[in-house]
Amino acid sequence: MMLKLVTSIAPLRDRVAEARRAGLQVGLVPTMGALHAGHVRLIEQARLECGCVVVSIFVNPLQFDRKDDLARYPRPLQADVAVCAAAGVDIVFAPTVEGMYPGEAECTVDVGRVADHLCGRYRPGHFRGMATVVLKLLQIVQPDRAYFGEKDAQQLAVIRHMARDFNVPVRIEGVATVRDADGLALSSRNQRLAPEERVLARSLHSLLREAERLVAEGERDPKQVTAIASGILPDDDRLRLEYLDVVDPEHIQPVERIEGPVLVAGALWVGSTRLIDNLLCHPSGAPQVAALPGT
Ligand code: PAF
């Protein structure tokens with residue numbers, strides 16, 4: 001199939017119906033654009049498993065808790081379409097804000113306690129807005145599988161719970177985080193870092209690795225893990241650790257003691273850019289699990 005760029009819902013549904021009539025499985029990769037190698041990894045996974053790959057590109061105003069962040073979010077549509085074409089995407093769905101939200105929305109997704117900690121504590125309404133647009137995209141495209149990065153572990157957990165709780169007939173696939181050579185997780189927000197900030201940004205991954213080492217070497221107290229790991233943050237005015245927390249990977253709740261695999265997740269401000277990352281950490285002697293629990 002040649003790549004088709006579609007900007008409204010009716011023609012998108014026609015294209016997807018065509019693919020279904022041809023007997024193809026449909027894979028959806030929801031994105032907000034500014035595509036990088038992490039997104040390409042999601043597309044590659046979808047390409048392996050589905051005959052028709054749809055990438056949505058939509059900067060969703062509902063999930064931004066700060067107006068300046070929404071305004072600054074990069075929107076390089078042409079470059080993104082070129083990335084999709086090179087990666088073998090069949091359909092790019094790039095709706096307008098009016099197309100996705102034609103009137104004042106009365107209903108949104110109540111995401112429950114999965115959104116109470118980590119980013120949910122610091123970004124009020126973010127996960128409600130994110131889950132609402134993902135549910136809309138799942139309803140619009142009705143894919144067999146939808147692909148999300150494990151870098152946004154809390155987002156992935158919210159989406160898995162939403163799909164289960166609302167009986168959405170889709171497989172939610174988590175895809176491993178893609179990192180630069182120094183460990184920095186790829187993110188559209190990395191583009192905003194000045195060269196010196198880019199160097200400092202690697203410290204988020206270093207904190208997580210330190211936490212991983214402590215857990216693997218037998219530290220069972222999550223408070224000790226976060227205190228010791230955050231202690232290695234370089235002393236620099238441009239760095240501010242918003243949180244570093246240890247939670248259970250499925251429900252994203254704090255743990256009292258580390259008895260099994262835990263998610264160590266952090267958010268670090270580097271200048272005016274907020275970065276997030278996480279590692280699934282296994283205590284010595286606990287059964288190893290390959291990835292976050294699946295749908
Ligand atoms: O991870 C993202 O890029 C967004 O949160 C998503 C899932 C595309 C919803 O807008």
Side-chain angles (χ1 to χ4, degrees), residues 9 12 27-43 45-46 53-66 69-77 79-81 83-84 87 89 91-97 99-101 105 108-109 111 114-115 118-120 122-141 143 145-163 166 168 170-178 185-192 252 265 267 273-278 292 295:
I9 295 172
L12 184 269
L28 171 65
V29 181
T31 80
M32 297 206 299
L35 302 181
H36 51 65
H39 295 111
V40 172
R41 189 64 205 82
L42 301 181
I43 295 169
Q45 192 63 38
V53 176
V54 182
V55 171
S56 63
I57 298 180
F58 179 62
V59 181
N60 172 35
L62 229 60
Q63 72 187 73
F64 283 79
D65 49 315
R66 294 184 8 249
D69 193 24
L70 174 61
R72 287 170 69 202
Y73 206 87
R75 292 164 172 83
L77 183 61
D80 285 345
V81 172
V83 169
C84 289
V89 170
I91 305 171
V92 171
F93 176 47
T96 59
V97 173
M100 285 298 277
Y101 300 112
T108 54
V109 176
V111 284
V114 195
L118 308 187
C119 292
Y122 298 91
R123 303 191 63 191
H126 165 70
F127 286 113
R128 177 170 18 97
M130 180 284 297
T132 300
V133 83
V134 170
L135 185 58
K136 283 167 76 77
L137 289 166
L138 293 175
Q139 299 286 17
I140 292 166
V141 180
R145 296 169 190 250
Y147 297 82
F148 300 88
E150 288 177 354
K151 181 179 84 68
D152 299 303
Q154 189 174 19
Q155 165 169 289
L156 181 55
V158 167
I159 293 167
R160 287 194 197 288
H161 283 280
M162 177 182 74
F166 293 160
V168 185
V170 63
R171 274 185 67 111
I172 301 298
E173 307 284 3
V175 178
T177 304
V178 180
L186 297 195
S187 161
S188 306
R189 289 191 162 85
N190 295 357
Q191 298 178 14
R192 295 185 193 164
I252 316 292
T273 304
R274 182 178 181 276
L275 303 175
I276 61 168
D277 198 359
N278 66 82
L292 297 171
T295 299

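We count ligands from 1, going down the list as the structure has it; atoms in each ligand are counted the same way. Because only heavy atoms are used, hydrogens play no part in the values below, and waters and symmetry mates are left out as well, while side chains stay in.
Looking only at heavy atoms of the protein, atom 2 (C) of ligand 1 is closest to Q155 NE2, 3.8 Å.
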field: Evaluation steps, side chain to side chain contact (heavy atoms under 4.5 Å, CB included), between Y101 and V133
entry: CA-CA 10 Å; Y101 300 112; V133 83; 3.6 Å; yes
query: Could you walk me through whether Y73 and N60 pass the side-chain hydrogen bond (donor to acceptor under 3.5 Å, both in side chains) check?
result: CA-CA 10 Å; Y73 206 87; N60 172 35; over 6 Å; no
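Annotation for ligand 1: atoms under 4.0 Å from non-hydrogen atoms of P30 are 8 (C). In the vicinity of M130, heavy-atom distances shorter than 4.0 Å reach the ligand 1 atoms 5 (O). Close contacts of ligand 1 with V133, meaning ligand atoms under 4.0 Å from a residue heavy atom, involve 9 (C), 10 (O). Annotation for ligand 1: atoms under 4.0 Å from non-hydrogen atoms of Q63 are 4 (C), 5 (O), 9 (C), 10 (O). Shown in contact with T31 at under 4.0 Å from a heavy atom are these atoms of ligand 1, numbered in order with element: 8 (C).
For R128 and D65, the salt-bridge test fails: no basic side-chain N is under 4.0 Å from an acidic carboxylate O.
Around atom CZ of R189, more than 12 heavy atoms belonging to other residues, nucleotides or ligands sit under 6.0 Å away.
Between P95 and M100, the shortest heavy-atom distance links the atoms CG-CG, 3.6 Å.
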